[in-house]
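Single-structure report; data block below.
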Amino acid sequence: MIRMKKLLAKVLASVLIFSCVGCGDSSGKESAAEDNEALTVIGFSQPGAESAWRVALTDSVQEAFSEDRGYKLIYKDGQSKQDNQIRDIRTFIQQGVDYIILSPIVESGWDTVLSEAKQAGIPVIICDRNVVVSNESLYTAFVGSDFKSEGEKAVAYLQEMYEADEAGNLPEVNIVHIQGTIGSSAQIGRSNALIKACEDNSNWHIIVEECGEFTKAKAREIMDNTLQEINSDSIDVLYCENDEMAMGAIAALNEAGIAYGNENDITVISFDGSVGALQLCQNGQIDLVVECNPLQGPYLLNIVEMLNSNKTVPKITYVDEKYFAKDDLSEEYIKSRKY
Ligand code: AHR
């Protein structure tokens, strides 16, 4: 259906261009419009621009769906509101885009708008975070992170760090947990891994748990308040669900003159792997950074190209992700990172 529409547009465009040769129009307007018609149009809905990570995702998608490759990308920023994202998807449907790429702010609440896209015959590819819908046929494919596995990597690191001593005594582990946007896959996967570990290890205790909305400012505020309410000596782990929030919490610790990181009593865990966080990790200020890979453009391009060729696409594609402690990092490697 989409291929037919594209083919028709391309044929029409070349016929018009051909019939225009020598007709003396110097404006070039018609052929520009015709070229545009021949492009595959993608509507891309992002939840916001709350982190360096998200900006890197936007850049990666824009780079992949370039005009040179035959695409026109319409980008919309939902300003951190699901309602805005729903409105943006409805606009894409009205515009008759060929594909919609949705990075959903939270998992639930998408059934109605995805049904509308399905009815309009527009394939939706979910990226970054996932959705929970009543019927999985409401979207064509998911490309993004395995947040459960990310959380498990962080927990495995802590498990090793706080193992029993030779006499079999387990240390008490008090955790400050700064969460991402509640209800987002990134928060759910990373939080659930920690919560499960606390259920499995009776010596692990979450002493503070608050939502920092994935932003530096909010996390800094949470940490400032925490340091006023509890003695920093009682904190063993600072578990921040992204780099921005780790940097915000670290700023509060710096201001209060409290030591943390590799050589000190507060173990800092972060997620994403932005250049700034990896530098802090190399300095020994963050103990572990679990990577969340925003370079998803090429994966999405691959799915769209498969769909364009009428190929069956995988329902789920997880992007490659690693984790980093101080010894895994070098200056050259950090410099080579794209985000
Ligand atoms: O969904 C991915 C998360 O969202 C990243 O960890 C975070 O930085 C972003 O805001």
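Below, all heavy atoms of this structure are taken into account, side chains as well, without hydrogens, waters or symmetry copies. As the structure is a prediction and not an experimental result, all values here were calculated from the model. Whatever order the structure lists them in is the order used to number ligands and atoms, beginning at 1.
With salt bridges taken as basic N to acidic carboxylate O contacts below 4.0 Å, none links E50 and K218. One finds a salt bridge joining E63 and K338 here, because a Lys/Arg side-chain nitrogen approaches an Asp/Glu carboxylate oxygen to under 4.0 Å. Comment: R69 does not engage E305 in a salt bridge, judged by the lack of any side-chain N to carboxylate O separation of less than 4.0 angstrom.
Checked against salt bridge (charged side-chain N to carboxylate O under 4.0 Å, His left out), E107 has no partners two or more places apart in sequence or in another chain.
Other residues, nucleotides and ligands contribute more than 12 heavy atoms inside 6.0 Å of the OH atom of Y71.
Looking only at protein heavy atoms, the nearest one to atom 4 (O) of ligand 1 is R129 NH2, 2.9 Å. Among protein heavy atoms, atom 5 (C) of ligand 1 sits closest to D272 OD1, 3.3 Å.
Atoms of ligand 1 lying under 4.0 Å from at least one heavy atom of S51, given by number and element, are 7 (C), 8 (O), 9 (C), 10 (O). Applying the 4.0 Å criterion to heavy atoms of A186 picks out, from ligand 1, the atoms 1 (O). For ligand 1, the atoms sitting less than 4.0 Å from at least one non-hydrogen atom of F147 are 1 (O), numbered in the order shown with element in parentheses.
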- Query: Checking salt bridge (Lys or Arg N to Asp or Glu O under 4.0 Å) for the pair E331/K335: CA distance, chi angles, key distance, verdict?
  - Reply: CA-CA 6 Å; E331 207 54 59; K335 270 200 201 124; 5.2 Å; no
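When D128, T181, N293, N130 are checked for heavy-atom proximity to atom 2 (C) of ligand 1, D128 turns out nearest. Here the shortest heavy-atom distance to atom 10 (O) of ligand 1, taken over E291, E50, R54, belongs to E50.
Heavy-atom distances between R190 and ligand 1 reach below 4.0 Å in at least one pair. Distances shorter than 4.0 angstrom do not occur between any heavy atom of E244 and any atom of ligand 1.
At distances below 3.5 Å, not a single donor-acceptor pair connects side-chain atoms of S60 with backbone N or O atoms of A56.
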